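Structure record follows, encoded as structure tokens.
Letters go in sequence order (proteins before strands), and every chain restarts at 1. Everything numeric here is computed off the predicted structure, so don't read it as measured data.
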Amino acid sequence: MSADPASVPLLSDVLADWLRAAFRRALPPAADDYASIGVVSTTNPEFGDYQCNAAMALAKALKQPPRQLAQAVLDQAGPHPAVERTALAGPGFINITVRADAIIDLAQAQGRDAALGVPPVGRGQTVVLDYSSPNVAKPMHIGHIRSTIIGGALDRLHRALGYRVVADNHIGDWGTQFGILIRGYRQFVDEAALREQPVEELERLYVKSYEQSQADPAWLDACRQELVKLQSGDPENLRLWEQFVQWSMAEFERVYRRLGVSFDLVRGESHYNVKLPGVLATLEQHGLVKESEGAQVVFLEEEKLPVCIVRKRDGGFNYATTDLATVASRVEEFHPAKIVYVTDERQQLHFRQLFAICRRLGITTALDHVWFGLMRLPEGTFSTRQGNVIRLERLLDEAEQRALAIVQAASPTMDPATQRDVARAVGIGAVKYADLSQNPQTQITFSWDKALALDGNSGPYLQYAYARIASVQDKYAERYPGQDPGAFPLQLTEPIERVLALKVTQFPEAILRAAELYRPSVVADYLYDVAQTYSSFYQNVPFLKAPDGVRESRVRLCGLVARVLRTGLDLLGIETPDRI
RNA sequence: GCGCCUGUAGCUCAAUUGGAUAGAGCAUCAGCCUCCGAAGCUGAGGGUUGUGAGUUCGAUUCUCGCCAGGCGCACCA
């Protein structure tokens, strides 16, 4: 077993290096040294396996005919051990067909590598990943799932690439809502309901108190009083607050366990309270703070951004200040290469302001905001006050229930405990995949049927493909006891085997690209493509019944596909049971 | 009013960041289980990529205008 993943090169890198060298020989020196020259998979199999489009782009800059330029590059390229043939096509495409034994060598090397060829590009670097971050005293509803699921996937992807990830759940446990909540608690609490479902009761209290505060100025004032008491350390209000946080955390933990998400840190906003005056002082030292309409603000005219309030007129701090304190604290404690926030689209402006201020403070850590579109219902956005929220736990229950019905129908002989276990993995997998398989930056209109899809491009489709392979491997072991297909060479006799093996070797590229773009959907798309190709292979090419040697090669290829599916789905946080 | 985002098959989404004939799933229709798992496979129909211009060898992708929708824009987070 090779322990060094660097021993498995990426085919696209190898080919790009080869052509880049040829470009350098064929063309005058360029400022960027042709660093951007790369190859991509062809759009159509008739063009070969990879294509390079750089000649046409460069032709424009160099004022040469693109075909002539591409030809010059090909003349300079010479033969390459991995390349079967090249072709010049169209206005200047360079098409590359890879040698089958190069694919075989790569796939076999990948199979020997524990990381399946995924390079540890993040080794030695730390990433702080801020995701999920729900608010205390509100049940998690389906609007919260995206940050949690997408963030969780980005977390795993970065770890797979060798980054040290600090997953930080920045709980919303502080702020003006607690005045409203405490006042509501004192007046309206239903102790029985609180014992039964504490978070739902807290939400009810908040909504009721909020409504009253809108109608009744005296009530609003009373809420403010409670907040002031809390912030000044009143023991009774602090005790209540701590209790609210505890109840909420218990509910969050329950959901996280079901979703298979865990954090390295759970630090609420309250954690940074003591640092807020220091943040303001630092801003003042940098001459960034001005007074405006009674508040302390930072003007961001150079960045063409609206003014950012860092201290309210009443002397209280707000979220911008808290987030600044959080950045400073994370930089100091973890020395991260980057800090990444996963939130919904509504916070874009806030983070642009935050990052601008950080830059003015001389913070050089890369700061990225990964935003995703809001989850909506067909009739509009969610609103606690409209009472149209769908609780996350209900979604997960429903998912498992629907999956169970199908498992029971499809596998009646499976024992009930296993059926439930499989239904859990399939149901949760379906929900996660429905979210992860699409570009985060589109808004999702929630529908039960879509979130819980069990066929077509869905989580269960991938799980099914995996389970079929597991079954094939079992059958093989039964019929050929003690024989290891991995000891036989891969051979790519059918065209679809070649396609499948090539796709398998592209697994690392999908992981790299997904992490770089912060888009788990790249992995989902890739895996679906692999599973589709596999299913076609499975249906149309016999393998247990194939001749000696060919059979072993095919079972071995099945094994590689299985590892790609299992590893890839694991990175998306989706389980792969052997039987579904 | 200003800013950010979105508009692709009846529906839900892709399209390797400017590449070749725009691809999948769902739905519809037609086939495939005495054969390795039919949650599957094979095939068919379905498109003026919101719209009008521009940039160039080449535009779903870039620029500008317009139309439609979403979100945000001073003391909530």
Could you check whether Leu349(A) gets within reach of a base, just the sugar-phosphate, or nothing at all, counting any heavy atom under 4.0 Å?
sugar-phosphate
Under 4.0 angstrom, heavy atoms only, what part of the nucleic acid is Ser536(A) near: base, sugar-phosphate, or nothing?
sugar-phosphate
Where do Gln231(A) and Phe178(A) land on the side-chain contact (heavy atoms from CB on, under 4.5 Å) test, with the steps shown first?
CA-CA 10 Å; Gln231(A) 287 173 335; Phe178(A) 285 97; over 6 Å; no
Decide, applying a 5.5 Å centre-distance limit and a 30° plane-angle limit (both strict), whether Phe543(A) stacks on C36(B).
yes
Produce a footprint string for nucleotides 18-29 of chain B: one letter per nucleotide, 5' end first; B if the base is under 4.0 Å from any protein heavy atom, S if only the sugar-phosphate is, - if neither.
BBBB--SSS---
Base-pairing assignment for G7(B) (Watson-Crick or G-U wobble, both under 3.5 Å):
C67(B)
Both distances below 3.5 Å, Watson-Crick or wobble geometry, any strand: find the nucleotide opposite C57(B).
G19(B)
What nucleotide among C13(B), C36(B), A39(B) has an atom nearest to a side-chain atom of Leu544(A)?
C36(B)
Arg579(A)/Asp474(A) salt bridge by N-O under 4.0 Å criterion
yes
Passes side-chain contact (heavy atoms from CB on, under 4.5 Å), Ser535(A) versus Tyr464(A)? Steps please.
CA-CA 10 Å; Ser535(A) 296; Tyr464(A) 179 66; over 6 Å; no
Out of Tyr341(A), Tyr319(A), Tyr272(A), Tyr131(A), which residue meets the ring-ring contact (aromatic ring centres under 6.0 Å, His included) rule with His170(A)?
Tyr272(A)
By the rule that syn is within 90° of 0, classify the base conformation of U55(B) as syn or anti.
anti
If you take atom types as modelled and just measure distance, does the side chain of Thr322(A) reach the base of A77(B) with a donor-acceptor pair under 3.5 Å?
no
